[in-house]
Amino acid sequence: QVQVVESGGGLVQAGGSLRLSCAASGSIFRIESMGWYRQAPGNQREWVATVTSGGSTNYVDSVKGRFTISRNNAKNTVYLQMNNLRPEDTAVYYCTVRATTIPLTRDYWGQGTQVTVSS
């Protein structure tokens, strides 16, 4: 149906930057929104950021001013620019795509990409 693939994770020092990318493919009628979650070991999966089909964005408080979510014109790719990274940002980051494949609208998840921030 819909495939979601993330990339761009890695190891950086505190204060550094990474850009995550996520591409959705498949039989997509419409993408309603795209977003990012993260999960650190022993923690629950946490919502990080979302961009809607109309281009509006929302962020969890802990990343406001540091992370920027964006999308391409085709609305099938989402990016997460992460600046001024902190050790507490260390997690597996998951891309999620809310997409309609007629007649169903549901969320699709990628496999995750590891982000590690050293102190």
Side-chain angles (χ1 to χ4, degrees):
Q1 289 185 272
V2 177
Q3 291 76 47
V4 180
V5 180
E6 308 101 328
S7 63
L11 173 64
V12 298
Q13 292 190 333
S17 297
L18 285 173
R19 187 185 69 167
L20 306 183
S21 300
C22 171
S25 61
S27 184
I28 301 171
F29 176 74
R30 182 176 66 247
I31 293 178
E32 310 299 333
S33 63
M34 307 180 80
W36 294 91
Y37 285 70
R38 64 187 181 186
Q39 187 168 20
N43 292 344
Q44 299 180 38
R45 189 167 296 187
E46 173 191 36
W47 168 76
V48 176
T50 301
V51 58
T52 70
S53 59
S56 63
T57 59
N58 288 288
Y59 302 89
V60 68
D61 286 345
S62 61
V63 309
K64 288 180 179 177
R66 300 188 299 120
F67 291 10
T68 302
I69 189 169
S70 61
R71 56 178 174 84
N72 72 353
N73 197 46
K75 299 184 178 180
N76 64 352
T77 302
V78 65
Y79 306 92
L80 187 67
Q81 178 67 46
M82 305 185 293
N83 297 327
N84 193 23
L85 283 161
R86 305 166 179 169
E88 53 263 42
D89 295 318
T90 295
V92 177
Y93 283 71
Y94 297 90
C95 177
T96 184
V97 179
R98 179 164 292 181
T100 297
T101 57
I102 297 174
L104 179 66
T105 299
R106 67 179 299 270
D107 292 340
Y108 299 86
W109 292 83
Q111 291 298 117
T113 185
Q114 176 70 48
V115 172
T116 302
V117 184
S118 62
S119 60

Any non-hydrogen side-chain atom of Y79 less than 4.5 Å from a side-chain atom of T68?
no
According to side chain to side chain contact (heavy atoms under 4.5 Å, CB included), who are the partners of N83, at least two apart in sequence or on a separate chain?
S17, Q81
Find out whether I31 and S53 are in side-chain contact, i.e. whether some heavy atom of one side chain is under 4.5 Å from a heavy atom of the other.
no
Correct closest heavy-atom pair for V115 and M82 would be CG2-CE, 3.8 Å
Verify, without hydrogens or angle tests, whether E6 (side chain) and Q111 (backbone) share a donor-acceptor contact under 3.5 angstrom.
yes
Hydrophobic clusters here meaning ILVMFWY residues chained together by side-chain heavy-atom distances under 4.5 Å, can you tell me if W47 and M34 are in one?
yes
Using every non-hydrogen atom in the two residues, find where I69 and V51 come nearest and quote the distance to one decimal.
CD1-N, 3.7 Å
Are Q114 and T116 linked by a side-chain donor-acceptor pair shorter than 3.5 Å?
yes
Side-chain donor-acceptor pairs of residues 97-106 under 3.5 Å, sequence neighbours excluded:
| unit_1 | atom_1 | unit_2 | atom_2 | d |
| --- | --- | --- | --- | --- |
| R98 | NE | D107 | OD1 | 2.8 |
| R98 | NH2 | D107 | OD2 | 3.1 |
| T100 | OG1 | E32 | OE2 | 3.0 |
| T100 | OG1 | T105 | OG1 | 2.5 |
| T101 | OG1 | Y108 | OH | 3.4 |

Have Y37 and R45 got a donor and an acceptor in their side chains that come within less than 3.5 Å?
no
Closest approach of G112 and V92, non-hydrogen atoms and distance?
CA-CG1, 3.8 Å
Using 30° and 60° as the class boundaries, would you call the ring planes of W109 and Y94 parallel, tilted or perpendicular?
perpendicular
Salt bridge (Lys or Arg N to Asp or Glu O under 4.0 Å) between D89 and R86, intermediate numbers included:
CA-CA 5 Å; D89 295 318; R86 305 166 179 169; 5.4 Å; no
Is there side-chain contact between T113 and L20, with at least one heavy-atom pair below 4.5 Å?
yes
Between V12 and S118, is there a side-chain heavy-atom distance shorter than 4.5 Å?
no
Report yes if some heavy atom in the side chain of Q39 is under 4.5 Å from a heavy atom in the side chain of Y93; otherwise report no.
no
Side-chain heavy-atom pair V117, Q13 within 4.5 angstrom cut-off:
no
What pair of heavy atoms forms the shortest contact from A91 to A40, and how long is it?
CB-N, 3.8 Å
V63 vs R38 side-chain heavy atoms within contact, under 4.5 Å:
yes
State, to 0.1 Å, how close S62 and E46 come at their nearest heavy-atom pair, and which atoms those are.
OG-OE2, 4.3 Å
For the residue pair S21 and W36, what are the closest heavy atoms and their distance?
O-CH2, 3.7 Å
Test side chain to side chain contact (heavy atoms under 4.5 Å, CB included) on C95 and V78; report intermediate values, then the result.
CA-CA 8 Å; C95 177; V78 65; 3.7 Å; yes
Minimum side-chain heavy-atom gap F67-L85 below 4.5 Å
yes
